[in-house]
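Take a look at the structure below.
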Amino acid sequence: MRRDKAEPIQIECPKCRYTSIIYIPIEEMPRCPQCGTRMIIKELLDEGKST
């Protein structure tokens, strides 16, 4: 599967659990606005999920 276009991902702060949604590869992985820790990927938000 090719990932050429921007795709939404849910990111989370591993320290305070603040979550947000960004689009990759457009945006860089940000720092948490509450505590300043580098955020990590929590979930890829693809529409066509398979079970």
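Computed from a prediction, not measured in an experiment: that's the story for all the values here. The residues of the chain are indexed from 1 along the displayed sequence.
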Interatomic spacing from [atom1] in [X] to [atom2] in [Y] - rounded to 0.5 Å:
| X | Y | atom1 | atom2 | result |
| --- | --- | --- | --- | --- |
| Glu43 | Ile9 | CD | CD1 | 10.5 Å |
| Glu7 | Ile22 | CD | CD1 | 12.0 Å |
| Lys42 | Ser20 | NZ | OG | 12.0 Å |
| Glu28 | Met39 | CD | CE | 14.5 Å |

Measure across [X] and [Y] and return the closest heavy-atom pair with its distance rounded to 0.1 Å.
| X | Y | answer |
| --- | --- | --- |
| Cys35 | Cys32 | N-SG, 3.5 Å |
| Lys15 | Thr37 | CD-OG1, 3.4 Å |
| Ile41 | Met29 | CG1-CE, 3.5 Å |
| Pro25 | Ala6 | CD-CA, 4.0 Å |

### Query
In chain order, what residues pass the side chain to side chain contact (heavy atoms under 4.5 Å, CB included) check against Arg31, with sequence neighbours excluded?
Arg38

### Message
With a 4.5 Å cut-off on side-chain heavy-atom distances among I, L, V, M, F, W and Y, is there a chain of contacts connecting Tyr23 to Leu44?
### Response
no

### Query
Taking only residues two or more places apart in sequence or in another chain, which ones pass side-chain hydrogen bond (donor to acceptor under 3.5 Å, both in side chains) with Glu12?
Arg17

